[in-house]
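Beneath this line is the structure, given in structure tokens, with notes to follow.
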Amino acid sequence: MVDKADASRGQRPLAGILWMLVTGANFVAVTALVKLVGTGVPAPQAAFLRYVLGLVFLLPMLGLLRRVRIDRATLALYGWRGLAHALGVICWFYAMTRIPIAEVTAMNYLNPIYVTIGAALVFGEKLAARRILAIAVAFIGVLVILRPGFREVSDGHVAMLFTALFFGGSYLMAKRLSERDSAAVVVAMLSISVTIALAPFALAVWVTPTLTQLAWLFGVAFFATAGHYSMTMAFRAAPLTVTQPVTFLQLVWATLLGWLVFGEAVDGWVILGGAMIVGAVVFITWREAMLKRRAMTPPPEATKL
């Protein structure tokens with residue numbers, strides 16, 4: 001039974017774990033629906049439609065956005081973040097049509113590692129020997145997944161490397177923006193700026209989507225929004241050191257989904273490499289908690305669509 005005093009302090013580990021399990025299910029549903037859309041809709045257009053259809057979930061925030069005053073420099077930063085995130089989303093959608101779901105999920109865990117490195121370069125955070133070792137383990141995990149020289153490294157794998165890079169840049173800018181505006185404003189402005197940034201890419205490759213494809217993409221927007229909500233609830237209930245390890249189950253679910261629904265082979269090397277990356281992220285999170293520092297590395301879910 002959870003102690004009431006702990007609950008009042010936001011320490012409800014069981015609730016945090018359950019919310020993170022729901023988060024994982026939501027984001028695995030996102031990958032499944034994108035896989036169903038496949039190559040029928042070009043990646044830039046699919047990404048654009050996902051965000052356009054997702055704007056309906058911003059309607060409750062319109063009143064808040066009208067009251068916000070954003071100066072020109074901050075607006076420019078929102079624009080740059082939208083562009084970086086848009087490029088990451090395009091790469092992610094492209095990778096989903098080229099490589100198995102499990103490989104996309106495993107390589108997506110690299111995002112927090114990129115943010116950790118970026119935080120050191122941009123914000124001057126110190127990289128202690130233990131963190132450097134954890135980063136090295138994460139990159140070895142990527143090599144285990146890719147196995148260059150032992151199999152072909154496809155353009156989908158390269159796209160995922162750029163996905164992590166662009167999302168990392170996006171969330172470094174989010175840190176600066178969150179110092180000025182509320183989380184709700186930062187999230188809403190991301191959705192708006194990404195939609196605008198994706199529009200010219202989508203128009204350049206536009207094909208008329210079917211009603212079924214539109215339904216799948218609306219489902220992507222719904223489950224992505226639900227995933228971000230459940231993730232927020234998980235963070236309120238328990239610290240990252242409790243919820244972070246649960247994210248590894250997404251790789252297990254993604255592997256099973258790819259095998260049972262899409263006929264993708266189960267690759268033990270992908271699971272091993274993913275486990276190494278997740279282990280590195282969990283270790284970095286644990287060290288930050290032990291040092292009583294504010295966590296600078298967002299969990300993998302924070303870099304989702």
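Basis for what follows: all heavy atoms, side chains included, without hydrogens, waters or symmetry-related copies.
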Check your understanding: So which residues get pulled into V205's cluster when ILVMFWY side chains under 4.5 Å apart are joined, directly or through others?
Key -> none

**Study point:** Ring centers of F166, H85 separated by less than 6.0 Å
**Key:** no

Review point. Do F218 and V56 have side-chain heavy atoms sitting under 4.5 Å apart?
Key: yes

Practice item. May I ask you to say whether E103 pairs ionically with R98, meaning some side-chain N is under 4.0 Å from a carboxylate O? Key: no

Exercise for review: Please report the closest heavy-atom contact between V142 and I277, naming both atoms and the distance.
Suggested key: CG2-CD1, 3.8 Å

Exercise for review: For residues F167 and V89, determine if any side-chain heavy atom of one lies less than 4.5 Å from a side-chain heavy atom of the other.
Suggested key: yes

Exercise for review: Tell me yes or no: between the side chains of N26 and Y229, is some donor less than 3.5 Å from an acceptor?
Suggested key: no

Exercise for review: Kindly say whether L55 contributes a backbone atom to a donor-acceptor pair with the side chain of S191 at under 3.5 angstrom?
Suggested key: no

**Study point:** Heavy-atom side-chain proximity of Y114 to T163 below 4.5 angstrom
**Key:** no

Practice item. Measure from the side-chain N and O atoms of R147 to the backbone N and O of V144, and report whether any donor-acceptor pair falls under 3.5 Å. Key: yes

Practice item. Search all heavy atoms of T255 against all heavy atoms of A102 and return the closest pair with its distance. Key: OG1-CB, 3.4 Å

Exercise for review: Ignoring hydrogens and angles, tell me if any N or O in the side chain of Q45 forms a donor-acceptor pair with the backbone of V207 under 3.5 Å.
Suggested key: yes

Practice item. Take I192 and L58, measure what side-chain contact (heavy atoms from CB on, under 4.5 Å) needs, and give me the verdict at the end. Key: CA-CA 9 Å; I192 295 170; L58 291 183; 4.0 Å; yes

Practice item. Just jot down the side-chain contact (heavy atoms from CB on, under 4.5 Å) partners of I17, sequence neighbours excluded, or say none. Key: L21, V242, V246

Point to revise | With sequence neighbours excluded, residues passing side-chain contact (heavy atoms from CB on, under 4.5 Å) with T74 | key: I70, D71, Y78, L177, R180, D181

Check your understanding: Does K35 use its side chain to pair, donor to acceptor, with the backbone of M96 at less than 3.5 Å?
Key -> yes

Check your understanding: Would you say the side chain of L257 lies within less than 4.5 Å of the side chain of T31, judging by non-hydrogen atoms?
Key -> yes

Review point. Does NZ or CZ of R81 lie under 6.0 Å from the centre of the six-membered ring of Y171, at an angle within 45° of the ring axis?
Key: yes

Revision key, fill the gap. Q250 and V28 have their tightest heavy-atom pair at O-CG2, 4.0 Å

Check your understanding: If you draw a 6.0 Å radius around CH2 in W80, do more than 12 non-hydrogen atoms from other residues or ligands fall strictly inside?
Key -> no

